[in-house]
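Every value quoted in this text rests on a predicted model; they were computed, and no experiment measured them.
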Amino acid sequence: GQNIDQPTEMTATEGAIVQINCTYQTSGFNGLFWYQQHAGEAPTFLSYNVLDGLEEKGRFSSFLSRSKGYSYLLLKELQMKDSASYLCAVGYQKVTFGIGTKLQVIP
Amino acid sequence: KAGVTQTPRYLIKTRGQQVTLSCSPISGHRSVSWYQQTPGQGLQFLFEYFSETQRNKGNFPGRFSGRQFSNSRSEMNVSTLELGDSALYLCASSLRTGSGVNEKLFFGSGTQLSVL
């Protein structure tokens, strides 16, 4: 089966850095995705990790450790528009999502 | 290139009725997946279609079914609606091929279904 855990809510200050963790136990693994979902909107792709290590893309970075079943999404220089839910997902035969972390950025 | 299109955007039904939701994927995408999203459960996988064949299925009762047409457009059907079926139904398309490697998903805006 698939089990993906991430915190349900986080709060951070504008301009700061926040790290959203994700742990997973899955029967197989083809890669780990992060998606962003603003309230009332569809999820949009942020990052994809298939090998261990850090992938950097602008203000967003994603890290993967396959041996530990662990990933994190790092958001730097937080902006108010970053307030959204961040979904961790594991790909294998299908893409399975965690429940999502609702991030609130405050002034 | 047009994105994933889902219709209708909103739907209100009563218990016992059935409903059909439609999804048009991005041109060239042959894989279509369906998800149910609720506040307490997050995104739950319903099924995936590739080249008109159901490739994977989630843990939903048989009341939930789907199909894919030769042009990759997909429909999902829910029969004998229950109150608990109220949710946002999201369709996603991808370039995923038969190789099994997951490609990133492009989501539609979803259909918000309310069952009264």
Side-chain angles (χ1 to χ4, degrees), chain A residues 1-10 20-24 26-51 55 57 60 62 64 66 71 73 84-104, chain B residues 2-7 9-10 21 23-26 29 31-50 53-60 64 66 87-112:
Chain A
Q2 317 280 68
N3 188 39
I4 301 171
D5 290 315
Q6 52 181 132
T8 54
E9 292 183 353
M10 297 182 71
I20 302 174
N21 295 323
C22 171
T23 58
Y24 62 91
T26 56
S27 54
F29 183 84
N30 278 344
L32 189 136
F33 299 86
W34 284 95
Y35 286 81
Q36 179 191 58
Q37 186 177 25
H38 286 100
E41 298 182 11
T44 55
F45 171 82
L46 285 178
S47 69
Y48 175 59
N49 294 68
V50 63
L51 299 175
E55 295 276 346
K57 191 185 296 184
F60 292 10
S62 56
L64 174 67
R66 289 172 295 170
S71 174
L73 180 69
S85 287
Y86 292 86
L87 311 175
C88 172
V90 172
Y92 179 44
Q93 295 170 335
K94 59 184 187 273
V95 178
T96 301
F97 285 82
I99 198 163
T101 299
K102 187 174 182 181
L103 174 67
Q104 183 181 15
Chain B
V4 179
T5 304
Q6 288 189 249
T7 56
R9 185 71 179 90
Y10 300 96
L21 312 181
C23 172
S24 293
I26 291 172
H29 287 192
S31 171
V32 174
S33 299
W34 288 89
Y35 289 84
Q36 181 196 67
Q37 187 174 34
T38 57
Q41 298 293 320
L43 273 93
Q44 299 288 305
F45 175 79
L46 282 156
F47 25 66
E48 179 193 3
Y49 286 89
F50 178 80
T53 301
Q54 187 180 87
R55 187 152 61 177
N56 289 297
K57 190 178 190 307
N59 297 322
F60 279 81
F64 292 81
L88 179 66
Y89 290 87
L90 290 163
C91 161
S93 73
S94 77
L95 282 168
R96 186 177 182 187
T97 66
S99 68
V101 175
N102 297 109
E103 297 286 342
K104 66 181 179 182
L105 299 173
F106 293 83
F107 284 87
S109 297
T111 295
Q112 184 66 55

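No side-chain heavy atom of B:S94 sits less than 4.5 Å from a side-chain heavy atom of A:V95.
At a heavy-atom cut-off of under 4.5 Å, chain A is reached by B:E103, B:K104, B:L105, B:F107, B:G108, B:S109 from residues 103-110 of chain B, listed in order of number.
Proximity to chain A involves both the backbone and the side chain of B:L43, based on heavy atoms less than 4.5 angstrom apart. Contacts of B:F47 with chain A are absent, with no heavy-atom separation under 4.5 Å from either backbone or side chain. Only the side chain of B:E48 has a heavy atom closer than 4.5 Å to any heavy atom of chain A.
Residues B:Q41 and A:I99 share a closest heavy-atom pair of C-CG1, 4.1 Å. Taking each heavy atom of B:N56 and A:Q93 in turn, the nearest pair found is ND2-O, 2.6 Å.
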